Structure formats: C-alpha cells, structure tokens
J.: 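Have a look at this one before I ask anything.
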2 protein chains.
Amino acid sequence: MITMLPNNSTTEHFPIRTVSELTGVNSVTLRAWERRYGLIKPLRTPKGHRLYTQNDIDLIQGILDRLSRGMSIGQIARDILHKTAEDETDFLDAWDKYQQHMINAIAQFDEHSLDAVYNDAMSLYPVDVVTSRLIMPLLEQLGMRWENKTGSIAEEHFFSVYLRNKLGARFHHQNLKNTGPKLIMACLPGEHHEFGALLFALTGLSKGFQVILLGADLPVTELRPVADRTKADGIVLSGSASLQCDQLFDQLNSLCSAVTIPVFVGGDVADTCREQIEKAEAIPLLRDLSGALTIVTSQLKRNAK
Amino acid sequence: MITMLPNNSTTEHFPIRTVSELTGVNSVTLRAWERRYGLIKPLRTPKGHRLYTQNDIDLIQGILDRLSRGMSIGQIARDILHKTAEDETDFLDAWDKYQQHMINAIAQFDEHSLDAVYNDAMSLYPVDVVTSRLIMPLLEQLGMRWENKTGSIAEEHFFSVYLRNKLGARFHHQNLKNTGPKLIMACLPGEHHEFGALLFALTGLSKGFQVILLGADLPVTELRPVADRTKADGIVLSGSASLQCDQLFDQLNSLCSAVTIPVFVGGDVADTCREQIEKAEAIPLLRDLSGALTIVTSQLKRNAK
DNA sequence: AAAAGTTATACATATTTTATACATAATCTT
DNA sequence: AAGATTATGTATAAAATATGTATAACTTTT
C-alpha cells in the first residue's frame with residue numbers, strides 16, 4: 001500500500017529574509033514578535049535558522065492588515081493566541097453592492113476586480129454566508145442577464161471558470177483536512193451545471209464530512225463500484241428540475257438496491273420528483289444546503305445502528 | 001544494486017559545461033551543491049567526469065524555480081534529500097513511478113494519495129516539466145485504461161475534478177500576478193475536455209501572459225465581443241482531432257475577419273486541419289506547449305509593429 | 001598542448017542568531 | 001500634571017552559518 005503522509009514535507013519553507021521582503025516587516029521585528037508574544041512559531045533548521053511556511057506568511061499579512069487598522073500588536077497577539085472570534089463590526093448590507101460589482105467585473109472579463117470583490121466578501125463573512133447571500137443570488141441574476149445578450153455565453157464561461165477555480169481550491173484544501181464520514185457526491189445524468197454539487201460539497205466539508213466529488217453528468221451505474229471501493233457512508237446526488245421523474249425513479253431504484261448505504265437526492269429535483277425519489281427508497285433533500293446536511297447527518301447515524 | 005539502470009541506452013548524458021550553460025548555474029556551484037548537500041548525483045565516466053541526464057537538468061530547473069521564490073539552497077537540499085530518502089525504489093523511472101502511484105490513487109478515489117504524489121512531483125520539478133512528463137502521459141494512459149472498464153467514468157470524473165481544481169487554483173493565483181500581454185483562451189465548440197486549454201493557459205502564465213480563460217465548448221461568435229471589451233492582444237483556441245475541418249474553417253474565417261488581433265489554434269486540430277486553419281488566416285500551433293508559446297510571442301511582436 | 005574536469009582547501013560576503021540596549025509613544029499612578 | 005511603567009520598533013555586537021567563487025595541483029579529453 002501507499003503510505004504517503006499528508007505531511008509538511010511538501011510545504012515550502014522560507015528563510016527570514018524572504019519573509020521580511022514579502023511582508024515588509026523588518027526581520028528584527030519578526031524576531032521580536034516571536035520572542036515577546038510567541039507570535040508565529042516558525043520551524044527551525046538543525047542549526048536554528050527560522051523556516052517560515054506560506055501559512056505563516058499569510059498570518060503575518062493578516063496581522064499587518066489589523067495593524068493598519070489601528071490595532072496594537074499586543075492586542076492582535078492576544079487575539080490570535082486565544083483564537084478569539086473577531087467580532088464582525090460590519091452592519092452594512094453590502095450584498096447588493098457586491099453583486100453589482102461582480103456583474104460589472106464579469107462584463108469586463110476583469111478577473112482582478114472579480115477576485116477583489118469576492119475576496120473582500122470572504123474576508124468578512126464565512127463561506128456559507130457568502131454562498132447563500134452573494135453567489136446564489138448572483139448566479140440567478142446572471143441567468144436572467146444571459147437570456148439573450150451577445151457575449152453572454154462567454155461571460156458565463158468566464159465566470160464559471162473563475163468560480164469553479166475558486167470554490168474548487170477551497171474544496172480541495174478543506175477536504176484533505178476532514179476526517180468525518182465519507183460522502184460520494186455527483187450530479188445526476190443530464191445535469192451539466194455542477195455548481196449545485198460543488199456548493200453542497202463545500203457545505204458538507206464545513207460539517208466535517210469527507211467528500212468524493214465526481215462532478216457533472218455521471219451515469220448512476222457508475223456509483224456502485226465507487227461505493228464499494230471507497231467504503232463511503234452515503235451517496236448524495238443533485239440535479240435540476242429539468243430531469244424526467246420516471247427515468248429518475250428507475251435509476252435511483254436500481255442504485256438503491258445495489259448499495260447498502262443511504263442515497264440522498266438534492267437540488268430542484270428533490271422538489272419536483274419527490275414522490276418518485278421516496279418510492280425508490282432514496283431520501284430527498286431540501287433546497288437549503290445547511291438543512292440538507294442535517295438530514296444527511298441524522299440519517300447516517302440511524303443507519304449506523 | 002543501485003547502478004543497474006535499465007534505460008541508460010535511451011538516456012542522453014551531458015557534461016557539466018553544457019548543464020551549466022543550459023541552467024545558468026556556474027559549474028563550480030554545481031559541484032559545490034553536489035559536494036555539500038549531495039544534491040544531484042550525476043553518473044560518472046570511468047575517469048570520474050560527471051554525466052548529467054535530462055532528468056537532472058529538470059531537477060536543477062526545479063531548484064532554480066524555488067531559489068527564485070526565495071528559498072535557501074540549504075533548505076531545498078534538505079527537502080529533496082528527505083524526500084528521496086522516503087522511497088528508495090529507484091528501479092523505475094521517477095515519472096513512471098509517479099504515474100503508477102497516481103493511477104492507483106485514482107482507482108481508489110483516494111484524494112489524499114493523489115494529492116501527495118502530485119505535490120511531491122511539483123516540489124521537485126517546475127510546472128511545465130510536471131505537465132509534460134507526468135500529467136500529459138497520465139491522461140493518455142488513463143484514456144486507454146478507461147476504454148472499457150466499469151467505474152471508469154467515475155474515475156475520469158473524479159480525476160477531472162481533482163486536476164481542474166488543482167490546476168485551476170494555480171492558474172488563478174498566477175494570473176492575478178501577471179502583467180504581460182492579454183490572451184483570450186477557449187476551447188473550440190464541441191471540445192469538452194478543457195485540460196488542453198488549461199494546461200496551455202498555465203504555460204502561458206509562466207511566460208508572463210495574462211490569460212482570460214473561457215473554458216469548454218464556446219461558440220466562436222462569442223469571441224468578438226470579448227476581444228473588444230478586453231482589448232486582448234491575441235486569441236488562442238484549442239480543440240481535439242474530432243472536429244470537422246470544414247466547419248472549423250467557416251468559424252475561424254468569420255472570426256479572423258471580425259477581429260484585428262491574431263488568432264491561434266492549438267491542440268490536435270492544429271495538425272489535422274492545418275490547411276484550413278491557415279487558409280482562414282489563423283495560425284496553427286504545434287502540440288508542444290512551450291514551442292507554441294514561443295510562436296505566439298513572436299507573432300504578437302510582429303503584429304505590434 | 002590547450003581546454004575542460006576533478007578534488008580539496010580557502011576566502012569573502014551576506015545572513016542569522018541571541019542578547020542587550022535604546023528611543024519614543026501610549027498608559028497608568030500618584 | 002508629573003513621573004513611572006509598559007509597549008513596541010529598531011540598533012548593535014559577537015559568534016555561527018550559509019553560500020558563491022577562487023586557487024592549487026592533477027588528470028582526462030580533444
């Protein structure tokens with residue numbers, strides 16, 4: 001078997017001069033922070049030279065950010081050491097503004113602006129909030145905008161690529177950390193828009209699940225071997241309303257009798273074909289991502305008994 | 001048992017001066033690296049002269065890559081030694097080994113292992129080397145494996161999602177840093193495998209281009225508005241061999257007459273439909289990514305005059 | 001014989017490390 | 001308000017490391 005550790009041997013380590021250049025913080029100061037507050041504890045070489053990781057650098061950037069906003073270094077240190085959740089002192093309902101900015105950026109194919117807005121939102125709110133407050137409404141808005149405009153397909157592709165990269169990176173990053181139950185997630189055949197599954201996967205990750213993500217348009221017959229090989233704890237499918245309920249029933253039915261683990265179905269079909277889904281002994285999921293995950297969790301527990 | 005190399009005959013060997021010229025590393029320094037850290041252990045002639053392989057040169061490029069990012073040579077050495085000490089099964093070519101590991105990981109839908117191997121390769125070699133030596137052959141290998149096996153579609157989806165996330169994250173990260181000429185990149189209609197475009201985009205980024213990536217299956221009529229709005233410097237399309245050359249000609253022809261910037265076509269079609277591409281006044285690109293980029297660069301220069 | 005390689009030793013310079021000191025501003029005490 | 005204390009960035013010194021390059025004395029290639 002392959003016994004490769006998800007270790008830090010793959011993480012890159014930088015000497016203090018590089019970190020100093022990159023962050024603009026005097027190396028003397030970096031050392032002082034470490035000595036005085038225990039902030040940033042870089043690894044050391046055998047001879048004692050400091051080795052900073054990218055993560056450390058990100059942390060420093062975060063510190064600089066707060067410094068620039070007037071916080072004292074001592075306070076920041078206490079915050080970080082106690083991992084105190086920062087109070088979100090932002091009462092502005094900026095979602096509409098965010099959305100407008102993003103639409104403009106997309107129209108210009110301007111990845112810089114697009115990213116700036118998105119990052120700004122992400123720095124203030126957790127993923128699932130950004131997802132439900134910004135991304136979902138935005139996708140809807142864009143759907144309308146794209147009805148019949150020239151360049152709209154290109155816009156859609158551009159934004160799809162961007163968003164998939166962004167969410168995908170996050171998914172990947174988080175997935176490697178999780179140790180909870182394993183879920184197989186896939187889109188139903190005919191479903192080409194994988195954002196539903198991807199967003200769902202992200203929500204799942206935030207609840208600690210491990211997710212095996214199989215993307216769009218997968219024949220359900222493919223799922224049995226996957227479930228067998230991976231010993232997953234559940235299967236989650238998602239599909240939009242455009243699917244045929246009868247056809248769906250047949251597929252689900254054969255899948256459910258082929259595997260011993262529970263099968264969930266989310267997305268719009270869960271609404272439109274609810275009866276057929278239940279008749280096939282699969283479990284429909286509400287559209288609300290978080291609620292859906294709760295159902296999955298409790299069902300898995302019941303199943304484990 | 002170490003010096004039983006089965007593929008010596010096929011491997012070319014270079015003397016130190018050549019390696020020095022090729023990499024820009026002083027030969028004195030190369031020897032110092034070897035003496036001090038045991039980095040790069042080239043074969044020797046019976047009289048002791050060093051013989052470097054292409055793989056050694058790739059490794060050196062990888063080292064230079066990391067040096068340029070601010071890591072210290074000592075640390076790089078420690079990393080590499082630690083890594084190579086991890087597995088001593090040096091009978092197979094390193095790339096074959098990587099490939100085999102990745103195939104195994106995919107068959108198990110094991111993202112951890114998959115990621116470990118990929119990261120391992122990426123920490124030793126620069127992107128374009130990993131791309132051409134590992135990813136491309138791997139995709140080909142997988143294509144064969146997937147011909148008629150159960151679970152193969154799921155495997156393909158799984159790996160696609162993984163690789164797209166991985167490459168996409170890299171693309172996104174790098175793209176925001178670049179300031180060079182702007183290229184619009186897209187797949188031709190009917191082309192659903194966007195890896196070609198994505199890999200090409202990554203190579204482009206490594207040469208400093210900014211890339212507007214539009215993904216798979218885009219109608220060519222969409223490209224005019226994009227070119228207008230973004231003031232891009234060139235358009236690069238990619239497609240596999242399965243496209244109809246005549247149809248391609250019509251599309252290219254109308255595109256080329258609609259825009260003032262050069263239009264390039266890469267991927268297998270560049271080979272199979274070369275005539276039609278040239279007749280449409282587009283520019284076919286060789287399959288080799290790096291070479292293709294060179295053509296793009298020189299063409300843009302000519303166009304700028 | 002000239003050019004290029006090899007090892008081994010020696011430098012020169014740049015970086016790092018720890019520890020101590022200092023300067024200035026903010027905060028607290030009396 | 002004056003003085004003491006704390007907070008925080010920076011400076012400096014002395015020793016240890018890190019790292020590219022040079023040189024000497026031979027050997028091998030061309």
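Order of the sequence lines sets the chain letters (A, B, ...), proteins ahead of strands, with each chain counted from 1. Predicted model only: the values in this text are computed from it and were never measured.
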J.: Over how many whole Å does the gap from B:I76 atom CD1 to D:dA18 atom P extend?
T.: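 Result: 14 Å.
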J.: Would you say B:Q108 and B:N104 are linked by a side-chain donor-acceptor pair, where the criterion is simply a distance under 3.5 Å?
T.: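 There is no such pair between these side chains.
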J.: Considering heavy-atom distances to DNA chain D, does B:G74 or B:T45 have its closest nucleotide positioned more toward the 5' end?
T.: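 The residue closer to the strand's 5' end, by nearest nucleotide, is B:G74.
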J.: Give the rounded distance in Å between these two atoms: CD1 of B:I63 and C1' of D:dG20.
T.: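 Atom CD1 in B:I63 sits about 15 Å away from atom C1' in D:dG20.
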J.: May I have the distance from A:R78 (atom CZ) to D:dT8 (atom C1'), rounded to whole angstrom?
T.: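 A:R78 atom CZ is separated from D:dT8 atom C1' by 12 Å.
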J.: Record whether the side chain of A:R31 comes under 3.5 Å of the base of D:dG9 through a donor-acceptor pair of N or O atoms.
T.: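 Under the 3.5 Å cut-off, the side chain and the base do not form any donor-acceptor pair.
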J.: Side chain of A:R36, base of D:dG9: donor and acceptor closer than 3.5 Å?
T.: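 It does, because a donor-acceptor pair links the side chain of A:R36 to the base of D:dG9 below 3.5 Å.
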J.: Which part of the nucleic acid does B:S72 contact within heavy-atom distance under 4.0 Å: base, sugar-phosphate only, or nothing?
T.: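 Sugar-phosphate contact only - B:S72 comes under 4.0 Å of backbone atoms but never of a base.
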J.: Out of D:dT21, D:dA18, C:dT18, which has the shortest distance to the side chain of B:A32?
T.: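 Looking only at side-chain atoms, B:A32 lies closest to D:dT21.
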J.: Please give, in whole Å, the distance from C:dT16 P to A:L43 CG?
T.: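 Those two atoms, CG and P, are 16 Å apart.
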J.: Select one nucleotide: of D:dT10, C:dT17, D:dT21, the one nearest the side-chain heavy atoms of A:V28.
T.: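 Nucleotide nearest to A:V28's side chain: D:dT10.
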J.: Could you pull out the closest heavy-atom pair between B:L198 and B:G168, with the gap in Å?
T.: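 Scanning both residues completely, I find the closest heavy atoms to be CD2-N, 4.2 Å.
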J.: Check whether the side chains of B:D115 and B:Y162 place a donor and an acceptor atom closer than 3.5 Å, and report yes or no.
T.: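 Their side chains do contain a donor-acceptor pair, which is all the 3.5 Å distance test asks for.
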J.: Could you tell me which non-hydrogen atom of A:I76 sits nearest to which non-hydrogen atom of A:I63, and how far apart they are?
T.: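 Heavy atoms of A:I76 and A:I63 come nearest at CD1-O, 3.9 Å.
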J.: Please determine, for the side chain of A:R50, which listed nucleotide (C:dT18, C:dT20, D:dT8) has the closest atom?
T.: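 So the side chain of A:R50 is nearest to C:dT18.
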J.: Would you say the side-chain atoms of B:D79 and B:Q75 include a donor-acceptor pair closer than 3.5 Å?
T.: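 Yes - a donor-acceptor pair under 3.5 Å links their side chains.
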J.: Determine whether a donor-acceptor pair (N or O, by modelled atom type, separation under 3.5 Å) exists between the side chain of A:H112 and the backbone of B:L176.
T.: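 Such a contact is found between A:H112 side chain and B:L176 backbone.
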J.: Calculate, to the nearest 0.5 Å, the distance between atoms CG and CG belonging to B:L114 and B:N119 respectively.
T.: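 Those atoms lie 9.5 Å apart.
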J.: Return no unless some side-chain N or O of B:T29 is found under 4.0 Å from OP1 or OP2 of D:dG20.
T.: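 No, because none of the side-chain N or O atoms of B:T29 sits under 4.0 Å from OP1 or OP2 of D:dG20.
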J.: When you measure from the side-chain N and O atoms of A:Y37 to the phosphate of D:dT8, is any distance below 4.0 Å, counting only OP1 and OP2?
T.: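 Checking D:dT8 against A:Y37, a side-chain N or O does come within under 4.0 Å of OP1 or OP2.
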J.: Mind running a 4.0 Å heavy-atom check of residues 14-27 of chain B against DNA chain D and sending the residues that fall below it, in number order?
T.: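 Those residues are B:N26.
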J.: Side-chain contact test, heavy atoms from C-beta onward, threshold under 4.5 Å: evaluate it for A:R31 versus A:I16 and give yes or no.
T.: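 Yes. Closest side-chain heavy atoms under 4.5 Å.
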J.: Rounding to a whole Å, what distance do you find between A:M71:CE and D:dA7:P?
T.: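 Value for this atom pair: 18 Å.
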J.: Identify which nucleotide among C:dT7, D:dA18, D:dT21 has an atom closest to any side-chain atom of A:K47, counting heavy atoms from C-beta outward.
T.: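 When the side chain of A:K47 is considered, D:dA18 is the closest of C:dT7, D:dA18, D:dT21.
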J.: Calculate the interatomic distance between B:Q75 atom CD and C:dT15 atom C1'; express it in whole Å.
T.: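 Atom CD in B:Q75 sits about 15 Å away from atom C1' in C:dT15.
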J.: Side chain of B:R44: nearest nucleotide among C:dT6, C:dT18, D:dA18?
T.: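 When the side chain of B:R44 is considered, C:dT6 is the closest of C:dT6, C:dT18, D:dA18.
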J.: Looking at D:dG20, D:dT17, D:dT8, which one has an atom nearest to any side-chain atom of A:H49?
T.: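 Out of D:dG20, D:dT17, D:dT8, the nucleotide with an atom closest to A:H49's side chain is D:dT17.
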J.: Roughly, in whole Å, what's the span from CZ in B:R35 to C1' in D:dA18?
T.: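 Between C1' of D:dA18 and CZ of B:R35: 13 Å.
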J.: Measure from the side chain of A:I73, starting at C-beta and using heavy atoms only, and say which of D:dT17, D:dG9, D:dT19 lies closest.
T.: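 For A:I73, the side-chain atoms sit closest to D:dG9.
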J.: Please give, in whole Å, the distance from D:dA7 P to A:L67 CG?
T.: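 From A:L67 CG to D:dA7 P: 16 Å.
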